[in-house]
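Values below: all heavy atoms of this structure, side chains included; hydrogens, waters and symmetry mates excluded.
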Amino acid sequence: MTDVSAARAALDRGRPVVLVMPPAVEQADAVWELVSPAIPALVLCLDHTVAAEWAARAPAGLRVHAVTSLGRAAALLKESPIDVLAGAPDDLAALASKSALKLDTIRTVVLAWPESFAAAEPSGALDTLLAETRGATRVVLSWNPSALRDFLERHAHRAEVVGDLALDADGKPLGPVGPARYVIAPAARRAAALREGIEAVGAARPVVWTGGDMPDTAGDAIVCAALPTRAQLTALARLGRPLLLLTPAQLPYARAIASLTPVPLADAADRAQVRVERLRARVAELIERGAVDAELALLTPLFERFDAAEVAAALLALQRAPGAAAERPAAPAPSWVKVFVGVGKKDGAAAKDLVGALIREAGLAREDLGRIEVRETFSLADVASHAADQAIQRLAGATIRGRRVQARRER
């Protein structure tokens, strides 16, 4: 339980606050007690899916909007005041650049688990937002504040840490509380993954925990449909072997509190035909070393639209045939996907720079490219639908006019 009174006292003294809690919106109800109606606040989070969770859990009487569409958000901000606006840094920066979001009116900024999105946000939008809201109260949610030392030094100097750190009596990090199985379950597939996970572990007497009080019965599997704290996982493990339903961004946290074993879902395993044994070994080594956390965060939007096995198969296809897109014959009547690229006129970029990057860096053929529209802080490129995912994946982290960019489907 978060000590809200201690957090409020620190904020009243003008100190930033770090609230120690698992990276799950359902564990962050204390935030609502620190946000006041009619005093505008921002919640900076990983993506529009997490932003929607913040809006869904908002208490009655508080006007909270999740930025899932820039056009709709801009219209709502013009129509009526909003108490809390939740969104990814890039989307919020885009609203500010259009003057739809007035950053000088913001009085509270909540940074929701920077561990999960700081490495996946290379465009500089986060630094811009925090620089332009320098006078606002800072509330940082973190499950591992020690990993954010440099970040907190820059953006929440001398922050007061509220909550239990995972340290023993000698100040050393605590190890996993015990074994647990897990299934990656993006929000769009959570209900289906729950059923598939129970079937995959062969549980005859599963007990589903959705947060809050501990179950009053034991089972052959304790399915955690909500993300537990370290203490909650310890209590749940006494009732049965835990099975965690995790989003990709929650995997590093879960790895810190439990010794994890993945549960392959039958339909995903059937579709994932990995033919190269050496590549299998390399992938397994990366996962075991925990070296793919940033990539998991970057791929979260794809996991929401496709099964994880299909995403893995697509990445394998790109690995084996990097020039395949350039050799593909043009479709007689291509359909277009609008791709957002985080570089614009203020960076000195022109349409020819975008075309060059899409051909050289992304490996697209010229006929895969349509209209290129360069705006002040970002650009929009029409890309043939069959090449859009390749363009987005390969442009991520590429450099245009000396600036590392991000790319995604325009929402």
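Annotation for Ala407 and Leu395: closest pair CB-CB, 3.9 Å, computed over non-hydrogen atoms. The two residues Trp54 and Val25 come nearest to each other via the heavy atoms NE1-CG2, 3.6 Å. Taking both residues in full, the closest heavy atoms of Pro145 and Leu152 are given as O-CD1, 4.1 Å, listed atom of the first, atom of the second, then distance. Nearest approach of Ala7 to Val17, heavy atoms of both residues: O-CG2, 3.6 Å. Closest approach of Gln27 to Leu227, counting heavy atoms only: NE2-O, 2.8 Å. When all heavy atoms of Val67 and Gly87 are compared, the pair lying nearest together is CB-CA, 4.3 Å.
Using a 4.5 Å heavy-atom cutoff, the side chains of Pro16 and Val140 are not in contact. In this structure, Asp127 and Arg154 have side chains that are in contact, with non-hydrogen atoms separated by less than 4.5 Å. Here the side chains of Leu126 and Leu111 are in contact, with some heavy-atom distance below 4.5 Å. Between Leu44 and Pro114, every side-chain heavy-atom pair lies at or beyond the 4.5 Å cut-off. Contact check for Thr137 versus Arg107: no side-chain heavy atoms found under the 4.5 Å cut-off. Between Pro262 and Tyr182, the closest side-chain pair of non-hydrogen atoms falls below 4.5 Å. By the 4.5 Å heavy-atom criterion applied to side chains, Val50 and Asp47 are counted as neighbours. With a 4.5 Å cut-off on side-chain heavy atoms, His386 and Asp368 count as touching.
Separation of atoms CG (Leu354) and CG (Leu369) is listed at 9.5 Å; rounding is to 0.5 Å. The structure places CG of Leu244 at 9.5 Å from CD of Gln250, a figure rounded to the nearest 0.5 Å. Atom OG1 of residue Thr377 and atom CG of residue Asp90 lie 8.5 Å apart, to the nearest 0.5 angstrom. Taken from CD1 in Ile82 to NE2 in His65, the straight-line distance is 5.5 Å, to the nearest 0.5 Å. The CD1 atom of Ile39 sits 11.5 Å away from atom CD1 of Ile106, with the distance rounded to the nearest 0.5 Å. From Leu101, atom CG reaches atom CG of Asp91 across 11.5 Å, with rounding to the nearest 0.5 Å.
Shown are Thr133, Leu95, Leu92; of these, the side-chain contact (heavy atoms from CB on, under 4.5 Å) with Leu103 is made only by Thr133.
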> Can you list the steps and then say if Asp347 with Arg403 is a salt bridge (charged side-chain N to carboxylate O under 4.0 Å, His left out)?
Replying inline: CA-CA 8 Å; Asp347 305 301; Arg403 184 185 183 94; 3.4 Å; yes

>> For a side-chain contact (heavy atoms from CB on, under 4.5 Å) check, start with the C-alpha distance between Thr261 and Arg241, then their side-chain angles and the critical distance, and finish with the verdict.
In response: CA-CA 11 Å; Thr261 301; Arg241 188 176 179 185; 4.1 Å; yes

> Passes side-chain contact (heavy atoms from CB on, under 4.5 Å), Leu85 versus Leu77? Steps please.
Replying inline: CA-CA 9 Å; Leu85 190 65; Leu77 288 169; 4.2 Å; yes

>> Go through it in stages, so that I can follow the logic: the residues are Asp353 and Val374, the test is side-chain contact (heavy atoms from CB on, under 4.5 Å), and I'd like the CA-CA distance, side-chain angles, deciding distance and then a yes or no.
In response: CA-CA 10 Å; Asp353 299 310; Val374 181; over 6 Å; no

>> Could you go through Trp143 and Ile257, starting from their C-alpha distance and side-chain angles, then the distance that decides it, and tell me whether this counts as side-chain contact (heavy atoms from CB on, under 4.5 Å)?
In response: CA-CA 11 Å; Trp143 63 269; Ile257 65 170; over 6 Å; no

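Atom CZ of Arg72 has 12 or fewer neighbouring heavy atoms from other residues, nucleotides or ligands inside a 6.0 Å radius. With a 6.0 Å radius and a threshold of 12 heavy atoms from other residues, nucleotides or ligands, Arg13 has its CZ atom above the threshold.
Using modelled atom types, no side-chain atom of Thr210 and backbone atom of Ala225 make a donor-acceptor pair closer than 3.5 Å. Panel note: side chain Asp83, backbone Pro40; no donor-acceptor pair is recorded below 3.5 Å. No donor-acceptor distance shorter than 3.5 angstrom exists from the side chain of Glu115 to the backbone of Ser142, with no hydrogens or angles considered. Within the 3.5 Å criterion, the main-chain N or O of Gly344 finds no donor-acceptor partner in the side chain of Arg375. The backbone N or O of Asp382 sits nowhere less than 3.5 Å from a side-chain atom of Arg371 that would complete a donor-acceptor pair. For the pair Arg138 (side chain) and Gly135 (backbone), a donor-acceptor distance under 3.5 Å is absent.
A parallel orientation is assigned to the rings of Phe378 and Phe340, their planes being inclined by less than 30° (bins at 30° and 60°).
Between Asp389 and Arg409 there is a salt bridge, since at least one side-chain N of the basic residue sits less than 4.0 Å from a carboxylate O of the acidic one.
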